2 protein chains.
Amino acid sequence: MPLRSDWSTEPCPVRRSLDVVGDPWVLLIVRDVLHGRGRFDQLRDGLGISEAVLSRRLAAMLDAGLLERVEYADGARTRQGYAATEAGADLLPVLQQLALWGERHTALPEGGAHMAMVHDTCGAETTRGEVCSACGAPLRPEHMTWVKPWLGRSDRLVGPGTLLG
Amino acid sequence: MPLRSDWSTEPCPVRRSLDVVGDPWVLLIVRDVLHGRGRFDQLRDGLGISEAVLSRRLAAMLDAGLLERVEYADGARTRQGYAATEAGADLLPVLQQLALWGERHTALPEGGAHMAMVHDTCGAETTRGEVCSACGAPLRPEHMTWVKPWLGRSDRLVGPGTLLG
DNA sequence: TTGCTCACTTTCTTCAGCGAAGTTACGCTG
DNA sequence: CAGCGTAACTTCGCTGAAGAAAGTGAGCAA
């Protein structure tokens, strides 16, 4: 399901990556899934995306190996949701780099606030997206918490295969 | 000139970034401009993008402060091209992160080859996109060379405001 | 059996992408 | 000076994706 032209066989790795993640929805879906919010309705409500587009993106992302299906309990029922694969979770540095760029180069909206990315392993806020600026360790989703003051909430990220009911 | 919905006033910095760079062409244009290839015809030929779309993207990127106009000499004439601003050049970590992800998680095409990102300051290939894995310094475009074996060529990147004639 | 939730799928309109052709500016050639 | 070439766009026509909203089906619960 190509977004536009097929760039999957380009020699340049940037272009091959963009063939898969060169759509804003894909990165936002990965972000939410890494927050453990991988149910269809959670994604729809959290992102404000049309159901048709969400459905198509999820199918493409399963196909590309960014997501996998996981089961969760809804009362007595078992339903299907989505979780990140290793490849999907490995997009964390890209997401955090985007967050850092956004903090540096876009204007905070009315009532907005700085989002801190805390490395739970060492307890410090990191000012880098790839390795912790405090302890130098490579950053993994399951060791990160995103502090979102505008929601009055801190969200712990989850590793590959994880979905919070 | 919004791509779709306007995300410029979202509280989440990831979303605000994607409002600006959430289009594959935008990142590819930044990449080529950071290689000094910021002329309209160079971008068109190098990217294989339609002229209409390129024109619209360049206008949006000027507007967003990613690019600025610079003059260059074409024989006796002075023409206008594009160069990265400080904000545009600061997308380098995002681009390099995408390149690294592509190398790890997408298949090398027939006749393809690994692309090395060399930090000219210390002379080593870096395996990270944000700070040099060899010397630890933050990576700036003007200190990087991208080695592209499939072209038999190494391209030195350029800093903000620079355009190679 | 009716209703409810969740996960989709279908339909319809609008808008963006792509390819190709046209336009403008300006210097160069004959 | 008339015509030509090149770079940088703009316009046009077609097609396909986005988005909004309504419809479908599966499995419970009352």
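Side chains are part of it too, since the values below use all heavy atoms of this structure and drop only hydrogens, waters and symmetry mates. Everything quoted here is computed from the prediction, not taken from an experiment.
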Out of C/dT5, D/dG5, D/dC9, minimum distance to the side chain of B/Arg77 belongs to D/dG5

N/O (side chain, B/Trp25) to phosphate O (OP1/OP2, C/dC18) under 4.0 Å = yes

Go through D/dG19, D/dC9, D/dA8 for me and flag the one nearest to the B/Tyr82 side chain.
-> D/dC9

Counting distance only, does the side-chain N/O of A/Ser17 pair as donor-acceptor with the main-chain N or O of B/Ala99 below 3.5 Å?
-> no

Report the nucleotide, chosen from D/dA17, D/dA7, C/dA7, that has the shortest atom-to-atom distance to any side-chain atom of B/Arg79.
-> D/dA7

Counting side-chain heavy atoms from CB outward, which of C/dA16, D/dA18, C/dC6 is closest to A/Tyr72?
-> C/dC6

A/Ser50 has a side chain; which of D/dA20, D/dA7, D/dA8 sits nearest to it?
-> D/dA20

Any donor-acceptor pair under 3.5 Å between the side chain of A/Glu51 and the base of D/dA22?
-> yes

Is a donor on one side and an acceptor on the other found under 3.5 Å between the side chain of B/His35 and the backbone of B/Arg31?
-> yes

Answer with yes or no whether the side chains of A/His114 and A/Glu125 bring together a donor and an acceptor at under 3.5 Å.
-> yes

Given D/dG19, C/dG17, C/dA7, which nucleotide is nearest the side-chain atoms of A/Val53?
-> D/dG19

Would you mind checking if B/Asp155 and B/Arg37 are paired as a salt bridge, meaning a charged N to carboxylate O distance below 4.0 Å?
-> yes

A/Arg57 vs D/dA18: side-chain N/O to OP1/OP2 distance below 4.0 Å | yes

Looking at D/dA18, D/dA20, C/dT5, which one has an atom nearest to any side-chain atom of A/Ala52?
-> D/dA20

